[in-house]
Amino acid sequence: MSEIRVRIAPSPTGYLHVGTAHTALYNWLFARKNGGKFILRIEDTDVERSTKEMVDVILDSLKWLGIDWDEGPYYQSERFNLYKEAAKKLEKEGFLYRCYCTKEEIEERKQKVIESGKAWKYDRHCLNLTEEQKAAYEREGRPYALRFKVPEGMTAFNDGLHGEIRRDNKEIEDFVVVRSNGYPTYNFAVVVDDSSMGITHVMRGEDHISNTPKQILLYKALNLKVPEFIHLPLILAEDKSKLSKRKGTVAVTDYRDMGYLPDAFVNFLALLGWSPSTDKEIFSREELINLFDIKHLSKRGAVFDHKKLLWINSEYIRSMDAEKLYDYVKPLWDKAGFDYSVFSHEDLLRLIDLIKERARLLTDFVDSASYFFKDVEEYDEKGVNKHFLNEYAEDNLKLLYEKLSEIDSFEPDVTENVYRKIVEETGMKAGKLIHPTRLALTGKTVGPSLFHLMEFVGKERTLARIEKALEFIRNRK
RNA sequence: GUCCCCAUCGUCUAGCGGUUAGGACACAGCUCUUUCAAGGCUGCGGCACGGGUUCGAUUCCCGUUGGGGACGCCA
């Protein structure tokens, strides 16, 4: 059997869409599983809308996802000769004809047909031109597009997921192959490229099913080998329609910026429309590659479930070791302007271990951990009412200040011992000491184990913050 | 409107003629606990409908309904 060659062919008219990332991933897994090649091709034949910036974003997104390519990126804009040649050949052999219709002319006729309640299909106006008319148009210097003359008959293919899909050619209009500006259209460029790149399996979204017969017609006209087609179900928005910009976040870079881990994101994407038939949910890349199999693809579109993504992400964060996490977190701390020079690297790692138990997003390492690096600016309002403005908080904090001043080590068992002793001696509930302290030290009512976080806040800052809290309480009373 | 695709808990899914229809997320409750998470336990909840085929259909076939996609000189 010959080598498997697959590709992803994003269009640089926007960011890398999660749907594109999804098909990229499946193609990549398929190639890696079977020792094939994964090729990247940039489909930039739409010169009006394609930009270099988007090419960079797409490349960055793929890299972030850890989806590496073996060949490319190829740019369609650099392969015009191939298309030109193929078009010339097709025209010479009578598969194409020149269409001089303008957009407006077509639109006008289209409207009429639709108003009369019929389905529109290009009316072959230019196929039926007389020689005189053609000559007149040429003399006029009218630009023309090249259309494919769709023959009568039936076009069928065997989809790797859906089985046989057939379509009456009557349903297919004479589609444009080369635009009047000389650029090839998608359907044409794809065929030329997939063929010349030796693509054996075309795995793409099922929104391309309707393009496939057109492409097969072109393969046949060009006398080329037709690849295998596998049409993947789409990723759906909450309302089950195709996921789009309007319906939520679709750019891969946005997920990166929101604090998702690439491995978690890939894990989530992999499970959207494919299942390894096990009870497991968390898979390493290697496992995904080993388990990936077209037989276990789903045919129905899958709703992008943000809650599950979040859960998977938190699973990854919790099980990742601190050193690795540090690489992701450090830039975020820098960006937030945190001064972490008071901590040694080892301390920072232990700090990460402490925070990661409760983190769901990488941004949580900033949002719910600022008190390790910065002074407490404000207190949670509900917490103030509950833990500060009562009959015991002030006295307890005063007492704690005193007792904590007397110890030098702020290791968890030492500080905890201070609290336990007070509890023992006074018989009060530990919570009456712990909750006010937490609020004083962090400004929050939730967070890691108090004695563990206290270790990192340290004696000096702990005492200062208790003092500040006492002042706050006095002012509020 | 025409053509095409799809159909198991709210969501992602396992299932490939005989199962108490399994798991995960979410949700609810309990538990653990210095808070919040995490963890543990429990609960809620599903084969769209109607015909066949068969001793027997979630599973196979047909139809209905529902959802989605494509109908560009976008990709």
Side-chain angles (χ1 to χ4, degrees), chain A residues 9-14 20 43-46 48-50 76 99 101-103 106-107 110 114 117-122 143-147 159 161-162 165-168 170-173 175-187 189-190 204-213 231 233-234 236 238-242 268 271-282 295-296 298-312 314-315 318 357-360 368 383 387 416 419 429-435 437-439 442 444-451:
Chain A
S11 165
T13 54
T20 312
E43 311 234 308
D44 53 356
T45 55
D46 183 355
E48 321 263 299
R49 297 193 300 151
S50 299
Q76 288 189 325
C99 175
C101 298
T102 65
K103 234 176 188 159
I106 290 178
E107 191 52 37
K110 185 175 168 182
I114 289 173
K118 281 185 213 144
W120 161 263
K121 197 176 80 173
Y122 178 68
Y144 60 85
L146 290 173
R147 283 186 186 270
D159 188 280
L161 180 60
H162 300 279
I165 295 177
R166 45 193 309 132
R167 202 151 173 217
D168 195 324
K170 278 201 275 271
E171 305 290 340
I172 307 170
E173 71 169 4
F175 53 96
V176 170
V177 156
V178 178
R179 299 179 174 94
S180 50
N181 65 7
Y183 287 73
T185 58
Y186 164 75
N187 280 123
V190 167
R204 66 206 333 183
E206 70 178 15
D207 48 346
H208 283 289
I209 287 181
S210 56
N211 284 322
T212 309
H231 287 99
L234 301 177
L236 275 26
E238 207 100 13
D239 66 356
K240 302 234 177 192
S241 67
K242 196 174 162 184
F268 172 70
L271 261 25
L272 229 47
W274 170 78
S275 160
S277 291
T278 64
D279 280 352
K280 265 180 68 164
E281 300 285 334
I282 305 296
K295 281 194 183 69
H296 288 113
S298 167
K299 288 185 195 169
R300 53 197 290 241
V303 173
F304 192 99
D305 183 357
H306 287 85
K307 286 187 171 164
K308 182 146 183 187
L309 207 211
L310 201 55
W311 173 76
I312 290 180
S314 66
E315 288 285 315
R318 225 176 310 127
E357 295 301 321
R358 288 158 183 80
R360 287 160 39 110
S368 55
H387 304 306
E416 178 161 12
Y419 282 67
K429 284 217 169 192
K432 290 187 174 182
L433 294 167
I434 289 170
H435 298 314
T437 314
R438 175 188 300 283
L439 190 58
T442 70
K444 302 171 193 294
T445 57
V446 302
S449 152
L450 178 67
F451 306 112

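All chains are named by letter (A, B, ...) in the order of the sequence lines, taking the proteins before the strands, and each is independently numbered beginning at 1. Treat the numbers as computed from the prediction; the structure is a model and nothing was measured. Computation of the quantities below employed the complete heavy-atom set of this structure, encompassing side-chain atoms and omitting hydrogens, waters and symmetry-equivalent molecules.
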Sugar-phosphate only, base, or nothing, as touched by A/A302 at under 4.0 Å among non-hydrogen atoms: sugar-phosphate

Inter-nucleotide C1' distance (B/G15, B/U58), Å rounded: 8 Å

N/O donor-acceptor pair, side chain A/R167 with base B/C4, under 3.5 angstrom: no

Spacing between A/L236 atom CG and B/C5 atom P, to the nearest angstrom: 18 Å

Sugar-phosphate only, base, or nothing, as touched by A/F451 at under 4.0 Å among non-hydrogen atoms: base

Touch class at under 4.0 angstrom, heavy-atom based, for A/L450 against every strand present: base

Side-chain donor-acceptor pair present, A/Y186, A/S11, cut-off under 3.5 Å: no

Sugar-phosphate only, base, or nothing, as touched by A/K110 at under 4.0 Å among non-hydrogen atoms: sugar-phosphate

Watson-Crick or G-U counterpart of B/C71, or none if no pair lies under 3.5 Å: B/G1

No-H, no-angle donor-acceptor pair, A/S298 side chain to B/U13 base, under 3.5 Å: no

N/O (side chain, A/H208) to phosphate O (OP1/OP2, B/A75) under 4.0 Å: no

Base partner of B/C25, which must satisfy Watson-Crick or wobble distances under 3.5 Å: B/G10

Short side-chain N/O contact to B/A14 OP1/OP2 from A/K280, under 4.0 Å: no

Sugar-phosphate only, base, or nothing, as touched by A/H231 at under 4.0 Å among non-hydrogen atoms: nothing

Sugar-phosphate only, base, or nothing, as touched by A/P448 at under 4.0 Å among non-hydrogen atoms: base

Sugar-phosphate only, base, or nothing, as touched by A/E43 at under 4.0 Å among non-hydrogen atoms: sugar-phosphate

Sugar-phosphate only, base, or nothing, as touched by A/S314 at under 4.0 Å among non-hydrogen atoms: nothing

Donor-acceptor pair present, A/N187 side chain and B/A75 base, under 3.5 Å: no

Touch class at under 4.0 angstrom, heavy-atom based, for A/G205 against every strand present: nothing

Any A/R166 side-chain N or O less than 4.0 Å from OP1/OP2 of B/C4: no

Atom-pair distance (NE2 on A/H387; C1' on B/C36), nearest Å: 11 Å

Residue whose closest nucleotide on RNA chain B lies nearer the 5' end, A/K308 versus A/E315: A/K308

Any A/K299 side-chain nitrogen or oxygen under 4.0 Å from OP1 or OP2 of B/G68: no

Sugar-phosphate, base or nothing in reach of A/E238, heavy atoms under 4.0 Å: nothing

Nearest-Å distance once atom P is located in both B/G43 and B/U35: 27 Å

Any A/K242 side-chain N or O less than 4.0 Å from OP1/OP2 of B/A70: yes

A/K280 atom NZ, neighbour heavy-atom count above 12 within 6.0 Å: yes

Main-chain N/O of A/G383 paired to A/T445 side chain as donor or acceptor, under 3.5 Å: no

Nucleotide forming a Watson-Crick or wobble pair with B/C44, both distances under 3.5 Å: none

Sugar-phosphate only, base, or nothing, as touched by A/T445 at under 4.0 Å among non-hydrogen atoms: base

Complementary nucleotide for B/U58 - Watson-Crick or wobble, under 3.5 Å: none

Sugar-phosphate, base or nothing in reach of A/G447, heavy atoms under 4.0 Å: base

Side chain A/R318, main chain A/R360, donor-acceptor under 3.5 Å: no

Test side chain to side chain contact (heavy atoms under 4.5 Å, CB included) applied to A/Y122 and A/F175, step by step: CA-CA 8 Å; A/Y122 178 68; A/F175 53 96; over 6 Å; no

Sugar-phosphate only, base, or nothing, as touched by A/N211 at under 4.0 Å among non-hydrogen atoms: base

Test item: A/P276 and A/L271 side chains (from C-beta on) under 4.5 Å apart, heavy atoms: yes

Any donor-acceptor N/O pair under 3.5 Å between B/C73 base and A/S180 side chain: yes

Below 4.0 Å: OP1/OP2 of B/A75 and any side-chain N or O of A/T45: yes

pair A/H231-A/L161: side-chain heavy atoms closer than 4.5 Å: no

A/P233 versus A/K299, closest heavy-atom pair with distance: CB-O, 3.7 Å

Sugar-phosphate only, base, or nothing, as touched by A/Q76 at under 4.0 Å among non-hydrogen atoms: nothing

Closest-nucleotide 5' rank along RNA chain B - winner of A/A145 and A/E357: A/E357

